[in-house]
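Before any comments, here is the structure.
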Amino acid sequence: MLNEAIEIRELKTSEDNQSRYEVYDSDTGTSLGVFDTYEDAQYEVDSMKSSNRAIWKDGEDADPGTD
């Protein structure tokens, strides 16, 4: 997952003209979730980026597993 590829897209519903927010990976073309508020979507993006940084430490995979 590329951190730069994660974006928040606003979705309009035709029923009640309310906005929802999709966390979207533009690198893979995958929706990562739809949220009722922008703040919830931003929290998810921040959480994903934080988790991704925790995997790598000093340029090396902190948990490489077995090959």
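For this chain, numbers begin at 1 and follow the sequence in order.
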Looking at Glu22 and Arg20, is any side-chain nitrogen of the basic one under 4.0 Å from a carboxylate oxygen of the acidic one?
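Between Glu22 and Arg20 there is no salt bridge, as every charged N stays at least 4.0 Å from the carboxylate O atoms.
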For the hydrophobic clusters of this structure (ILVMFWY residues joined by side-chain heavy atoms under 4.5 Å, transitively), does one cluster hold both Tyr24 and Ile6?
no
Would you indicate whether the side-chain heavy atoms of Tyr38 and Ile8 approach each other to under 4.5 Å?
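With C-beta onward as the side chain, the pair touches.
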Just wondering, do Leu32 and Glu44 contact through their side chains at under 4.5 Å, heavy atoms?
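Contact flag for Glu44/Leu32 side chains = no.
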Check against side-chain contact (heavy atoms from CB on, under 4.5 Å), Phe35 and Val23:
CA-CA 8 Å; Phe35 301 87; Val23 176; 3.5 Å; yes
For the student: nearest non-hydrogen atoms of Asp27 and Asp25, plus distance:
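The answer is N-OD1, 2.9 Å.
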